[in-house]
Structures are given as C-alpha cells and as structure tokens.
Amino acid sequence: MADLMKGPALYRHAKTRIPGGTHLLSKRPEMFLPDRWPSYYASAKGAEVVDLDGNRYIDMTIMGMGACVLGYADSDVDAAVHQTIDRGVACTLNPPEEVELADLLCELHPWADMVRFARSGGEILSVAIRIARAHTKRDKIAFSGYHGWTDWYLSANLGASNALDGHLLPGLDPAGVPRGLRETALPFHYNRVDELKQLVDSHRGDIAAIIMEPARDEPPQPGYLEAVREIATSIGAVLIFDEVTSGFRMTTGGIHLTMGEVRPDLATFAKGLANGYAMSALIGRGSVMGAAQGSFISSTNWTERIGPTAALATIRKFRRERVAEHMIRVGTAVVGGWREAAAAAGLEMQTSKIPTICNFRINHPDELAMTTLFSQLMLERGFLASTNFRPSFAHQPEHVERYLAAAREIFVHLADSAKRGDLHAQLKQPLQRRGFYRLTS
Ligand code: PMP
C-alpha cells in the first residue's frame, strides 16, 4: 500500500514500519508542520526540492541538515561519482581516492599527520573517542555540545538525568546504554573554563579526552580555546574538535582554522565533507593517531569508493569556487533580513552569531505558535522554512530576496495575529515540536 501514499500519509505509514518514522530527529515532519509537511522528496537540485505530489519548493531551511554545502545534486560532484560507479564502488583491493583524500585533508590542516575514515558523524566520533582512550589508557571524557547517538556520549545521562541539559538536545534518553558507563562522560558548557577546571580537579588522572565544537551558536570568548588547549595539555588529555557541523562552512576545512592559533590533537568531519554522500573523517597528530593500531577499528563499508570520490570533488569545488565566502554572504543577508523584518514588525528576536549556521528565536510567550505559522505560511508561498537555515552554494540572491520579502510580510502578520490573539486559530495543523522527547512518542 505504501506505494500509493504520499507526503503526510506515507509518513503516518512509515511510523508503523520504522520506529520514530525517520532516521534523523531533525528531519521529522513534526519538527516543521505535523500532518502537513511534504515529508518526502521526489527530486532535489540546487536549492529546489520537488515533493511526491510534484510541488516545488525553495529550501530555506536545513539543506539536508547542513550536509549539502554545494546544493542538491551538484553536477561536478555527481559527475565524479558517476565515473566511480562505472569503475566499481567496491572491490577486494582498496580505493586510491582514500589516500588522496587523506593527503588533501592534511594539506588543509597542516597540524594533522594522519587520517581515518568512516561514513557518518556518530561513527567517526566513536572512532575518535576510542583512539583517545587507547592513547591515554584512561576512560573518562569531558565534553560540551552534541556528539551523536552512540553509547559513549549518551552515557552522560546515566548519572543525573539532566546532565545533557544545555548541550543541544535536552532530555536525551540513555535507555539501552550500559549502566557501567555511568560517570564516564562529563559535561561542561561552552565558554565556561571554570566548569572544565572543576571537572579536571575532580577527575584529573582519568580524563582521556576533552571534546567540543570549536564554535556552534556563538564564537569562543577571547582566550577560551587557548585555556582549553592548555588544560588538555597539562593533564595529558587528547583535545578533540568536533567539526561535524562547523567544518566546511566558514572556510575550506575546520572552523578552528579561522579562530586563531589553537590546534586540537584530533578533529572530526562529516556533514559538509562530501555534499550529502556518506562520508566522515578523523584527522589527527601522528603521535595520537598511532593508537588506532593498538585497538581494533575496522569496517567493510568504510572501504567503499563513493564517499572519498564525493569528498575530493566537494572539497576541490569548495576551494575553487570560494564556497565558504558565498555561504557567509548568503547567511549574513538572511540573518540581517530576519532582524530587519522582525524589528519592522515589532517582534523581539535573537539570532545566531556564526553566519553559516543560522537560526532565530522570537521572544514571545506564544513563540511556538508563531514559528509554526511561519513555516505554514512559507510553505504556502513555496518555501521550506523554519527557524533554522543552512546556506549553500546553490542559494542565489534572488532566492534570498524572494524569501525575505515573504518573511517581512509574514512577521508583520505574526505580530498582528499575536496582538489579536488569533495565532492558534490560523494553524492548519498541530504545533511544531522541539527537543528530543519526540523520540519516545
Ligand atoms: N557532532 C556534531 C557536532 C553534530 O552536529 C552531529 C550531527 N548533528 C554529530 C556529531 C552526529 O553526526 P551524524 O548525524 O552524522 O551521526
């Protein structure tokens, strides 16, 4: 029956077949417009998406959750992939592209000597943590931010159920994570050296790694990265920068390259690396990466050929076309446009500070009704839109202008409706959801 269903109906069916309905929280239709979001795509090219009913939208939201930095179905990357398909994507021998890619990543990050690959963010983080633990012969991990779905990370919630509050996904449930991992993952907040120092005081000789995103919603305060580096060095812990989201957005490579002289021991990449093809990378200093050989880290699909092919083509185009500069221009225009439109409508708004990882919050008791209505009205005007936006190379000034013209009208409408008190009456579906609790319902 599923082949006759489209959009929300297909998603309702999916929930009976696939626990949770989708394989990524951020792509759940409930996060946008429950019972109304197009949910599935027939095709996607550039910044345009066609749903199963043939409706066309400009994607002004998460662009494959930030993976598609060049835009959907990029012709250059896809041409390289087609060639690889014709030559065989799997073989008893290894793909030479993985060595070329390892060289290129080390050229872009001269502090790194060695590279390992996996095919997703969560996987490569687990590889990084394994290597850090093998290298230091210690168990504990001090972390800030979100680092994927695997046991080492979720175990943070085994001790105190709210340990992850403020670390991007509050309420993550560690059901199924062995209790023996309790107190092996220790959280601290971004820009809070004092919290990290406290952890270090209590667990000094046990900390294998300090892991963090070099930047997410805000830049580091002056001296913050330097202080973390100094602490890691002084306790003999491995410093890991998780660049799964921040990599290939502000420059060709890690965002840390744009933030002064601090260098980690290991860094992880995934989303922007291969324009949506499955690929992830861990780069690191030889002195630490060598520990990979003292453990067992090995998987069949880490040797397939499409991932490294796509990554090489993505990085080369990213560098050649100065894609980061384009993304910064687009993101800056969108965030500036949000702020102007909100001010003109008399709405109080907060916006993110990294120009290529954009989001806004409206300060209003009925914010969720406002942002749901925003997505609803944007959809009716031909845009996939939410409070998040990930610029790509495919976003052109005309997309931004049309989108911001719509946003200006809609923000005024939201402000007027809030004053009249009829926001909820205009909603054609339930409120959009936030947070992680949807995973259990
Ligand atoms: N680390 C960070 C910083 C991330 O943003 C994400 C994904 N949102 C991950 C790790 C996990 O990556 P993946 O979804 O590919 O498993």
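In each ligand, atom 1 is the first atom listed, and ligand 1 is the first ligand listed. Only this structure's heavy atoms are used, side chains among them; waters, hydrogens and symmetry mates stay out. Worth saying up front: this structure is predicted, and the values here are computed from it rather than measured.
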*Do the ring planes of F389 and H395 sit parallel (below 30°), tilted (30 to 60°) or perpendicular (above 60°)?*
perpendicular

*Look at atom NE2 of H82 and say whether more than 12 heavy atoms of other residues, nucleotides or ligands are closer to it than 6.0 Å.*
no

_Check: Y224 side chain, N191 main-chain N or O, donor-acceptor pair, under 3.5 Å_ = yes

*Could you tell me whether D74 and K45 have a side-chain N and a carboxylate O separated by less than 4.0 Å?*
no

*So which of S26, A118, G122 gets nearest to atom 16 (O) of ligand 1, if we judge by its closest heavy atom?*
G122

_Using a 4.0 Å cut-off to any heavy atom of H147, which atoms of ligand 1 qualify?_
1 (N), 10 (C)

*Charged N to carboxylate O below 4.0 Å: is that the case for E367 and R434?*
yes

*Could you label the plane-to-plane angle of the Y40 and Y11 rings as parallel, tilted or perpendicular, counting under 30° as parallel and over 60° as perpendicular?*
tilted

*Sub-3.5 Å N/O-N/O distance, D242 and ligand 1*: yes

*Under 3.5 Å, N or O to N or O, is W149 touching ligand 1 that way?*
no

Expected list for residues 267-282: side-chain donor-acceptor pairs under 3.5 angstrom, two or more places apart:
| unit_1 | atom_1 | unit_2 | atom_2 | d |
| --- | --- | --- | --- | --- |
| T268 | OG1 | D242 | OD1 | 3.2 |
| K271 | NZ | M65 | O | 3.4 |
| N275 | OD1 | V69 | N | 3.0 |
| N275 | OD1 | L70 | N | 2.8 |
| N275 | ND2 | G71 | O | 2.9 |
| Y277 | OH | D78 | OD1 | 2.8 |
| S280 | OG | A118 | O | 3.4 |
| S280 | OG | R119 | N | 3.3 |
| S280 | OG | S120 | N | 3.1 |
| S280 | OG | S120 | O | 2.8 |

_List ligand 1 atoms under 4.0 Å from T245, heavy atoms only on the residue side._
4 (C), 5 (O)

*Close N or O approach (A270, ligand 1; < 3.5 Å)*: no

*Looking at E213, which atoms of ligand 1 are within less than 4.0 Å of one of its heavy atoms?*
3 (C)

*Whether E195 side chain and H189 backbone form a donor-acceptor pair below 3.5 Å*: yes

*Does an N or O from G121, backbone or side chain, lie closer than 3.5 Å to an N or O of ligand 1?*
yes

*R216 near ligand 1, heavy-atom distance under 4.0 Å?*
yes

*asked:* If you measure every N or O of S120 against every N or O of ligand 1, does any of those distances drop under 3.5 Å?
replied: no

*Run the contact test for E123 against ligand 1 with a 4.0 Å cut-off on heavy atoms, strictly below, and give the result.*
no

